[in-house]
Amino acid sequence: FPKVIDKYKPDIVVFSLMGKYEGIPSKKCFELLKAKKIKSCIQWPDVGYSDSGWGYPQILEYGDLIDLNVGWDNASSEFHNSRVNPENFKQMFVPQDPKLYYPIADQNIGCSFVGSINNQERQTYLNHAVNVNKLPIAVRGGQRHEKLSSDQYAQLIRRSKMTINFPWCNGNFDQIKGRVYEALACKTLLLERKNDATSRLFKPNYDYVEYTTLDDFVDKIKHYMSHETEANKIASQGNKTFNEKFTSRHFWNTILDKLK
């Protein structure tokens, strides 16, 4: 790490930290950057208090060694909602690559869920819709379980008229998944369980559609699959809101302004 820093002489170094990956920089790396007056920014895809102790404990441990901590998930729980963030923490959103996520004219998938079916919420809702009610939902395993490439995954979102998201995470709280921004960027109607995380940034039944129960989930899918004009209106508004506030340009401009 010191040799790389000496070779490239950066003004800012940006990290993305998640979980207990062996390649995560040590505290000495951040001390080195501070000593050399190089600004550091850590992107935190998940900011939680899970059994692994990941997220907030590390932010407190690193303290003012880090110039800017950026949270992506906008999580909602008693812990998150009552916590006072340090001054060097900025809650933002999940930036999307505009070369992957954009609207297309030929959306030939009526409704989709693209992602891992790795928790009870996803399994229960999809079983009720697909197996019990026989709804034609395209369910694909995503980048982890089905090993889809980034482009293959994005193509499925782009081609979907409507796509489903589940906000619950394994840390036992709701958070805004990247899938929310992916759908809105593609002008794909987003269908998501009612939660306090997503509704902080987007307006329910205006930028996206929310459901509350298993039967409401099925009813909403049926309704918007048969009322395309209404579905397109909400999808278009969601895309408009995304372009006005949540593009990758907004994301990086905000970070660079904070690091001046």
Side-chain angles (χ1 to χ4, degrees), residues 8-18 33 38-47 55 59 66-76 85-107 112 114-115 142-143 148-163 165 167 175-192 197-204 206-209 232-260:
Y8 292 100
K9 296 180 173 54
D11 296 314
I12 302 169
V13 180
V14 180
F15 304 86
S16 180
L17 304 189
M18 183 170 64
L33 294 178
I38 298 170
K39 293 189 176 181
S40 60
C41 173
I42 298 182
Q43 309 282 326
W44 299 91
D46 295 309
V47 186
I59 291 173
I66 308 304
D67 293 284
L68 181 63
N69 293 284
V70 177
W72 287 6
D73 59 354
N74 283 276
S76 178
N85 290 315
E87 290 185 4
N88 64 346
F89 181 86
K90 173 71 174 173
Q91 187 65 262
M92 292 190 64
F93 52 91
V94 187
Q96 300 302 322
D97 185 345
K99 294 181 180 179
L100 291 175
Y101 298 100
Y102 53 87
I104 62 173
D106 184 21
Q107 290 182 310
S112 70
V114 189
Q143 292 172 288
L148 297 176
S149 68
S150 296
D151 187 58
Q152 288 172 326
Y153 175 92
Q155 280 186 44
L156 291 169
I157 302 295
R158 293 196 302 265
R159 290 171 52 204
S160 299
K161 296 178 181 179
M162 177 186 352
T163 199
N165 183 56
Q175 60 182 183
I176 306 183
K177 302 289 187 181
R179 196 175 294 104
V180 169
Y181 307 98
E182 293 162 1
L184 300 181
C186 294
K187 201 184 290 187
T188 294
L189 179 64
L190 172 68
L191 180 63
E192 174 162 286
T198 304
S199 60
R200 285 175 179 166
L201 300 188
F202 301 99
K203 186 176 178 180
Y206 180 75
D207 293 313
Y208 69 102
V209 173
N232 289 339
K233 180 180 179 181
I234 297 174
S236 295
Q237 179 56 52
N239 179 252
K240 181 174 184 290
T241 300
F242 172 85
N243 286 326
E244 289 174 347
K245 299 179 181 179
F246 299 102
T247 66
S248 57
R249 185 177 295 275
H250 288 102
F251 181 88
W252 289 109
N253 281 346
T254 299
I255 288 175
L256 292 175
D257 285 345
K258 284 281 186 181
L259 290 172
K260 283 181 178 177

CA sep, side-chain torsions, deciding dist, call: Leu148, Leu156, side chain to side chain contact (heavy atoms under 4.5 Å, CB included): CA-CA 10 Å; Leu148 297 176; Leu156 291 169; 3.7 Å; yes
Residue Arg200 excluded, over 12 heavy atoms near CZ under 6.0 Å: yes
Expected output: side-chain Gln152 to main-chain Ser149 donor-acceptor under 3.5 Å: yes
Ile157 side chain near Ser160 side chain, heavy-atom distance below 4.5 Å: no
Atom pair CG/CG of Asp46 and Asp73 - distance to nearest 0.5 Å: 5.5 Å
Counterpart residues, side chain to side chain contact (heavy atoms under 4.5 Å, CB included), relative to Pro45 (two or more places apart): Ser16, Met18, Trp72
Sole candidate of Glu182, Lys177, Arg179 that passes side chain to side chain donor-acceptor pair (under 3.5 Å) when paired with Asn165: Arg179
OG1 on Thr198 to CD on Glu192, rounded to 0.5 Å: 3.5 Å
Which residues share a side chain to side chain contact (heavy atoms under 4.5 Å, CB included) with Asn74, sequence neighbours left out: Gln91, Ile176, Tyr181, Leu201
Test item: Leu190 and Phe202 side chains (from C-beta on) under 4.5 Å apart, heavy atoms: no
Residues forming a side chain to side chain contact (heavy atoms under 4.5 Å, CB included) with Lys187, sequence neighbours excluded: Pro103, Ala235, Ser236, Asn239
Atom pair CE (Met92) and CH2 (Trp252), whose distance is rounded to the nearest 0.5 Å: 9.0 Å
Whether over 12 other heavy atoms sit under 6.0 Å from Glu244 CD: yes
For Phe15, all residues meeting ring-ring contact (aromatic ring centres under 6.0 Å, His included), sequence neighbours excluded: Phe30
Student check: side-chain heavy atoms of Pro98 and Thr247 closer than 4.5 Å: no
Residue pair Ser40 / Leu259: nearest heavy atoms and the distance that separates them: O-CD2, 4.3 Å
Check: Gln107/Thr188 side-chain N/O donor and acceptor closer than 3.5 Å: yes
Pair Ser112, Thr163: side-chain N/O donor-acceptor within cut-off below 3.5 Å: yes
Point-to-point distance, once rounded to the nearest 0.5 Å, from CG of Leu184 to CZ of Phe246: 9.0 Å
Flag, side chain of Thr254 to backbone of His250, donor-acceptor distance under 3.5 Å: yes
Residue pair Ser199 / Pro204: nearest heavy atoms and the distance that separates them: CB-CG, 3.9 Å
Separation between CD1 of Ile104 and CZ of Arg159, rounded to the nearest 0.5 Å: 7.5 Å
Sub-4.5 Å side-chain heavy-atom contact between Val70 and Ile42: no
Side-chain touch Ile59/Val47, heavy atoms, less than 4.5 angstrom: yes
Which residues share a side chain to side chain contact (heavy atoms under 4.5 Å, CB included) with Tyr206, sequence neighbours left out: Lys203, Gln237
Sequence-distant partners of Lys245, salt bridge (Lys or Arg N to Asp or Glu O under 4.0 Å), two or more places apart: none
From OG (Ser248) to OH (Tyr101), nearest 0.5 Å: 12.5 Å
Flag side-chain contact, heavy atom, 4.5 Å: Tyr208 against Leu191: no
Side chain proximity check, Lys90 to Leu68, heavy atoms < 4.5 angstrom: yes
Exercise: identify the closest heavy-atom pair between Ile12 and Ile38: N-CG2, 4.2 Å
Under 3.5 Å: donor-acceptor pair, side chain of Lys258, backbone of Asn88: no
